[in-house]
Amino acid sequence: MFSFDQIAFASPDYAAAVALRRAVLRAPLGLDFTTEQLATEYGDLHLGAFDEGALVGVVILTPHDERAFKLRQMAVSDAARGQGVGARLLLAAETEARRRGGVRIVLEARLTAQAFYARYGYAPQGEVFTQVTLPHILMTKAI
């Protein structure tokens, strides 16, 4: 049974979240996070998916403007893929953003993840661009 909870910055769960994000999102590209990049996450909301206490998924919400949040760094472990963890993390992030006064979420989806976000009501905006060596598309959703 999965549980979904907020992760405190600089906590042991945060370290596990960074390790998961590194393994899923960065290492396959030959990239890593810098100390400076991680330091900017202090004010972000980190949400984790846990399976019997083990972190299996993570997503970050960053304030984007006064009524919107930017959803970033969604990652699910290989072992938990295909079990609805990503969808439930996305729902948890939307719920938390609304609770904090947000009316919109923006995200920069890898093109390989565009269909996933589209299934949950996110619409592409603008042109494809390259970020961390991969094609991405800006997507938004009113919440």
Side-chain angles (χ1 to χ4, degrees), residues 1-122 124-125 128-143:
M1 184 68 151
F2 297 108
S3 63
F4 298 84
D5 293 304
Q6 188 170 341
I7 296 172
F9 182 78
S11 68
D13 284 338
Y14 176 78
V18 171
L20 176 60
R21 290 166 36 213
R22 180 178 288 121
V24 172
L25 302 173
R26 297 296 172 125
L29 304 175
L31 301 173
D32 200 352
F33 298 106
T34 66
T35 302
E36 294 79 16
Q37 287 171 323
L38 296 176
T40 66
E41 296 180 356
Y42 175 79
D44 294 343
L45 174 67
H46 303 264
L47 297 172
F50 297 85
D51 184 12
E52 297 182 15
L55 183 72
V56 296
V58 65
V59 67
I60 299 172
L61 283 175
T62 301
H64 184 67
D65 62 36
E66 63 185 49
R67 301 297 307 265
F69 285 87
K70 185 175 184 180
L71 187 134
R72 309 183 312 104
Q73 297 284 305
M74 169 98 70
V76 175
S77 70
D78 289 341
R81 285 206 183 113
Q83 299 179 47
V85 173
R88 291 172 60 194
L89 265 174
L90 188 59
L91 177 61
E94 291 174 358
T95 299
E96 189 60 30
R98 269 193 306 276
R99 190 182 77 73
R100 293 172 181 246
V103 298
R104 183 171 55 96
I105 291 182
V106 300
L107 59 90
E108 296 169 347
R110 292 179 178 191
L111 285 189
T112 56
Q114 181 179 1
F116 168 80
Y117 291 111
R119 278 196 303 273
Y120 298 98
Y122 288 81
Q125 308 290 316
V128 173
F129 59 94
T130 300
Q131 183 170 294
V132 294
T133 75
L134 296 173
H136 283 68
I137 186 88
L138 180 69
M139 300 183 82
T140 63
K141 178 182 177 181
I143 56 168

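Computed from a prediction, not measured in an experiment: that's the story for all the values here. Quick note: residue numbers are just sequence positions, from 1.
What you find for Ala23 and Pro28 is that their closest heavy atoms are O-CD, 3.3 Å. Residues Ile143 and Arg98 approach most closely at O-CD, 2.9 Å, considering heavy atoms. Nearest heavy atom pair, residue Leu89 against residue Ala75, reads CD1-O, 4.4 Å. Scanning all heavy atoms of the two residues, the minimum distance from Val85 to Ala49 falls at CG1-CB, 3.6 Å. The minimum heavy-atom distance between Leu90 and Phe116, with the atom names listed, is CD2-CE2, 4.1 Å.
Counting only residues at least two apart or in different chains, ring-ring contact (aromatic ring centres under 6.0 Å, His included) contacts with residues 15-60 comprise Phe9-Tyr42, Tyr14-His46.
Side-chain contact between Arg22 and Val18: present, with at least one pair of heavy atoms (C-beta onward) separated by less than 4.5 Å. For the pair Leu111 and Ile137, the minimum side-chain heavy-atom distance is below 4.5 Å. In this structure, the side chains of Arg110 and Met74 stay at 4.5 Å or more apart for every pair of heavy atoms.
For the ring pair (Phe, Tyr, Trp, His ring centres under 6.0 Å) test, residues two or more places apart in sequence or in another chain that qualify with Tyr122 are Tyr117. With sequence neighbours excluded, the residues forming a salt bridge (Lys or Arg N to Asp or Glu O under 4.0 Å) with Arg81 are Asp78, listed by chain and number. Listed by chain and residue number, Asp65 satisfy the side chain to side chain donor-acceptor pair (under 3.5 Å) test with Arg104 (two or more places apart in sequence, or in another chain). Applying the side chain to side chain donor-acceptor pair (under 3.5 Å) rule to Ser77 yields no partners; only residues at least two apart in sequence or on another chain are considered.
Here the NE2-CD distance, from His136 to Gln114, works out to 11.5 Å after rounding to the nearest 0.5 Å.
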Please output the side-chain donor-acceptor pairs of residues 55-62 that fall under 3.5 Å, not counting sequence neighbours, one pair per line with the distance.
{"from": "Thr62", "atom 1": "OG1", "to": "Asp44", "atom 2": "OD1", "distance (Å)": "3.2"}
{"from": "Thr62", "atom 1": "OG1", "to": "Asp44", "atom 2": "OD2", "distance (Å)": "3.2"}
{"from": "Thr62", "atom 1": "OG1", "to": "Arg72", "atom 2": "NE", "distance (Å)": "2.9"}

